[in-house]
Peer 1: 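Have a look at the structure that comes next, please.
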Amino acid sequence: MDAFTTITGPAAPLLRANVDTDMIIPAQRLIGAGRDGLGRYAFERFRFNADGSDNPDFPLNQAPYRASPILLAGENFGCGSSREGAVWALRDLGLRCFIAPSFGDIFYNNCFQNGMLPVRLAAADVQRIAEQTAASPSNAYTSVDLERQVVITPNGEEIPFSVDQRKRSALLEGLDEIALTMKRRAEILSWQARDQAARPWAWEGLRF
Amino acid sequence: MPQTLFDKLWAPHVVADLGDDWALLHIDRVLLHDMSGARALTEVGERGYDLARPDLVFATPDHAVSSAPGRTSATFAGGASPIAKLRQRVKETGIRLFDLGQPGHGIVHVMAPELAIVLPGTTLVCGDSHTCTNGGVGALAFGIGASELTHVLATQTLMQRKPRTMRLTFTGTLPAGVTAKDMILAGIGQLGTAGGTGFAVEYAGDAVRALPLEARLTLCNLSIEMGAKMGFVAPDDTTFAYLKGRRFAPTGAGWDAAVAAWRELRSDDGAVFDREVTIDASQIAPQITWGTSPEQVAPVTAHVPQPSGPADQAALDYIGLQPGQPLAGTPVDWVFIGSCTNSRLSDLRDAAAVLKGRRVAPHVTAWVVPGSETVKREAEAEGLHTQFLEAGFQWREPGCALCVCVNGESVPAGKRSVSTSNRNFVGRQGTGARTHLASPAMAAAAALAGAIVDVRSF
């Protein structure tokens, strides 16, 4: 997994509350899909008109935001389904960081699994970054520094954010969780042996 | 120190304490479906690992299958390849598959309790957010993404941070015509779709105790629509009676030992929760959503509210309703009775009881999609299918169908649907489709009336 340290760029505003993963990518696009190439479907119901042309009103279609690495979002961003394809699609679109007052739980976890950083900031702070960006979109840059745990707004204001320390280190170091857990294989096997003695009922019905 | 039910479900599964409230948690059961199952199994191999415990993994195709009568896995062409791959990977890895037409096949969260794959006190995951449904038997069950699923399949564990705890207590007695679906929709209306984020929710109180097991599954199913990854009900005699004799339940002395252990799975007196919410169940009316988020919900007797912000306005624009208009009487084009929320035998009985020999309104397309092959066969054995067919409903094959629309089935653009499913999101039932969530009885009544109607006066 790619390590995440600092991301800088124009922050695209999508401040509507409860943007769900069905809006981010419809499930139809994910039947048997892999991790790559899903960016073209990201927000497709909003990004494109019925004839397939770009909807100019959608923020990610507007010039300064087309290559934004940062998305400013509303409450409960990424709520709904567990589809990791939502994260893959947004990543493929070039996004690496989301700033919102709150996130759907599963989406939040899925971000870290893919080298993406979801940052929780107060709604007023998110709004302020959006306003500072809108004042001069083509040269208003926001930075997100995971090492120092601060968001630096276009006006230079530093807003600290908190993040789970375990997830922070995993992101900074680009850790592979499966490899880490595999080092504990002996512990897992001994837990299973103990549990089969302590709770035989949890195991016996499943024997082949 | 008094413990919550959550503590008693979590603590025994901690393989290693990782510090800062993180644990390496043992996962007792894994469910796979056709949307991501084959891919997940392939990824484990690509990463160079073997499947840790094939005996703890169960697969069934449910999402990308047509629900048309007489369907095969190729009826919906888009599903043919993922299902073929799932069958192949399952054969290679030796995990159990419940295939189309076999007893045991069904929507993952219908078949898992039905086969007693999920038991009280177990942990269960699936790459599907409605895995919380399985908490209805008293299990720690939650949805995960593809990366976490690969981790579980390779290691039989998951790194998890301990969530905060919430107890949602429903006091009193549920009025006639009001169901578990109405309880949880009313709860989401009060708490909001993010009200449960970061919490493990225990549903408690007299009104929950009085619910049959299948209704508890419905209650827990919508935990994720409140933001909570997991929700559960303490197991009791209702739970034990439901599970006994089912395919993967323990038997003989093992059963007795299990029940003895399961009786301890309840929050101790004096247990402290991070958040407590109480709702008077006797005051709940049948609920219906009016927007594009499950929190945009109201009693069927209410009027469409004034929008409280741009999200409400966008929802009203999409759903095509005006503030101040009564919800009841809104014309309906489609009715869907099904999904992991409300497709069990008791749901179909509730819906059939509303029919009383009446016919579906001529302009309404009405579907009943049983949640599993077993539900379908049991319903047919008691003649429910005949009642639905004579009333003008379509009686279809088990699967996710119109809840997720990755199977060639959808509600046409601009059409209004009353659905027993769990999400009224923009485009969820089809591009431009307008969804109102409700209970099976409310959905059946809407089909007959051709409009949203209060089932209690119908």
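Reminder, nothing fancy here: chain letters follow the sequence lines and each chain counts from 1.
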Peer 1: What's the separation between atom CD in B:E43 and atom CD1 in A:I178, rounded to the nearest 0.5 Å?
Peer 2: 7.5 Å
Peer 1: Picking from A:N110, A:V87, A:N109, A:I31, which has the most non-hydrogen pairs under 4.5 angstrom with chain B?
Peer 2: A:I31
Peer 1: Tell me, side chain or backbone of B:S293 under 4.5 Å from chain A's heavy atoms, or both, or neither?
Peer 2: side chain
Peer 1: What part of B:H130 gets within 4.5 angstrom of chain A, counting heavy atoms only: side chain, backbone, both, or neither?
Peer 2: neither
Peer 1: Below 4.5 Å, heavy-atom pairs only: which of A:R29, A:Q28, A:R207 has the largest tally toward chain B?
Peer 2: A:Q28
Peer 1: What part of B:P163 gets within 4.5 angstrom of chain A, counting heavy atoms only: side chain, backbone, both, or neither?
Peer 2: neither
Peer 1: Looking only at the side chains, is there a donor atom on one of A:Q165 and A:Q149 sitting less than 3.5 Å from an acceptor on the other?
Peer 2: yes
Peer 1: Regarding A:W88 and A:N114, is there a side-chain donor-to-acceptor distance under 3.5 Å anywhere?
Peer 2: yes
Peer 1: For B:I83, is it the side chain, the backbone, both or neither that has a heavy atom under 4.5 Å from a heavy atom of chain A?
Peer 2: neither
Peer 1: I need the contact set between residues 46-54 of chain A and chain B: heavy-atom distance under 4.5 Å, sorted by residue number.
Peer 2: A:F46
Peer 1: Check for a donor-acceptor pair, side chain of B:R29 on one end and backbone N or O of B:I117 on the other, with a separation under 3.5 Å.
Peer 2: yes
Peer 1: Are side-chain N/O atoms of A:N18 and B:E295 paired as donor and acceptor at under 3.5 Å?
Peer 2: yes
Peer 1: Who among A:G74, A:A202, A:C79, A:G85 has the most heavy-atom pairs with chain B under 4.5 Å?
Peer 2: A:A202
Peer 1: Output the option from B:S147, B:A228, B:A258, B:G227 having the highest count of non-hydrogen pairs under 4.5 Å with chain A.
Peer 2: B:S147
Peer 1: If the test is side-chain contact (heavy atoms from CB on, under 4.5 Å), which one of B:T123, B:L24, B:V14 qualifies with B:T157?
Peer 2: B:L24
Peer 1: Taking the side chain as everything from C-beta on, heavy atoms only, tell me whether B:L153 gets closer than 4.5 Å to B:V57.
Peer 2: yes
Peer 1: Checking heavy atoms, do the side chain of B:M35, its backbone, both or neither come under 4.5 Å from chain A?
Peer 2: both
Peer 1: If you count heavy-atom pairs within less than 4.5 Å of chain B, which of A:P26, A:G205, A:A17 leads?
Peer 2: A:G205
Peer 1: Assess the residue pair B:D128 and A:R83 against the criterion (salt bridge (charged side-chain N to carboxylate O under 4.0 Å, His left out)); give the C-alpha distance rounded to whole Å, side-chain angles, the decisive distance to 0.1 Å, and a yes or no.
Peer 2: CA-CA 7 Å; B:D128 189 286; A:R83 65 191 67 161; over 6 Å; no
Peer 1: CG/A:D92 to OH/A:Y41 distance, rounded to the nearest 0.5 angstrom?
Peer 2: 10.5 Å
Peer 1: Using non-hydrogen atoms and a 4.5 Å limit, figure out which bit of A:Y108 sits close to chain B: side chain, backbone, both or neither.
Peer 2: neither
Peer 1: Give, as side chain, backbone, both or neither, the part of B:T131 having an atom under 4.5 angstrom from any heavy atom of chain A.
Peer 2: neither
Peer 1: Do A:E147 and A:T5 meet the criterion of a side-chain donor-acceptor pair at a distance under 3.5 Å?
Peer 2: no
Peer 1: Does any heavy atom of chain B fall under 4.5 Å from the side chain of A:E204, the backbone, both, or neither of them?
Peer 2: side chain
Peer 1: Under 4.5 Å heavy-atom distance to chain A, tell me which part of B:I144 shows up: side chain, backbone, both or neither.
Peer 2: backbone
Peer 1: Name the one of A:L90, A:N55, A:I25 that satisfies side-chain contact (heavy atoms from CB on, under 4.5 Å) with A:F43?
Peer 2: A:L90
Peer 1: What part of B:T42 is in contact with chain A, defined as an atom under 4.5 angstrom from a non-hydrogen atom: side chain, backbone, both or neither?
Peer 2: neither
Peer 1: So, does B:T122 use its side chain to make a donor-acceptor pair with the main chain of B:V118 at under 3.5 Å?
Peer 2: no
Peer 1: Anything in residues 188-201 of chain A with a heavy-atom distance to chain B below 4.5 Å? Please list those residues in order.
Peer 2: A:I188, A:W191, A:Q192, A:Q196, A:R199, A:W201
Peer 1: Donor-acceptor pair, distance only, cut-off 3.5 Å: does the side chain of B:Q296 make one with the backbone of B:A315?
Peer 2: no
Peer 1: Counting heavy-atom pairs under 4.5 Å with chain B, which one of A:E187, A:M23, A:E177, A:R16 comes out on top?
Peer 2: A:E177
Peer 1: Among B:A249, B:A154, B:S129, single out the residue with the greatest number of heavy-atom pairs under 4.5 Å to chain A.
Peer 2: B:S129
Peer 1: Specify which of A:A27, A:G80, A:G104 makes the most heavy-atom pairs with chain B at under 4.5 Å.
Peer 2: A:G80
Peer 1: Can you tell me how far CD of B:Q160 sits from CG of B:D21, rounded to the nearest 0.5 angstrom?
Peer 2: 12.5 Å
Peer 1: Rounded to the nearest 0.5 Å, how far does CE of B:M230 lie from OG of B:S223?
Peer 2: 10.5 Å
Peer 1: Can you tell which of B:D28, B:I224, B:N407 has the highest number of heavy-atom pairs within less than 4.5 Å of chain A?
Peer 2: B:D28
Peer 1: Can a donor-acceptor pair be found between the side chains of A:N76 and B:T193 at a distance below 3.5 Å?
Peer 2: yes
Peer 1: Hey, what do you get for OG (A:S82) to CD (B:E148), rounding to the nearest 0.5 Å?
Peer 2: 9.5 Å
Peer 1: Top residue by heavy-atom pair count (under 4.5 Å) with chain A, among B:Y49, B:F58, B:W255?
Peer 2: B:Y49
Peer 1: Could you tell me whether the side chains of B:W22 and A:D164 share a donor-acceptor contact shorter than 3.5 Å?
Peer 2: yes
Peer 1: Between B:E225 and B:R423, is there a side-chain N and carboxylate O pair less than 4.0 Å apart?
Peer 2: yes
Peer 1: Looking at B:A311, B:G143, B:P12, B:A146, which one has more heavy-atom pairs under 4.5 Å with chain A than the rest?
Peer 2: B:A146
Peer 1: Tell me, out of B:A253, B:A194, B:G254, B:P82, who's got the most heavy-atom pairs with chain A below 4.5 Å.
Peer 2: B:A194
Peer 1: Could you tell me the separation between the CG atom of B:D62 and the SG atom of B:C340, rounded to the nearest 0.5 Å?
Peer 2: 8.5 Å
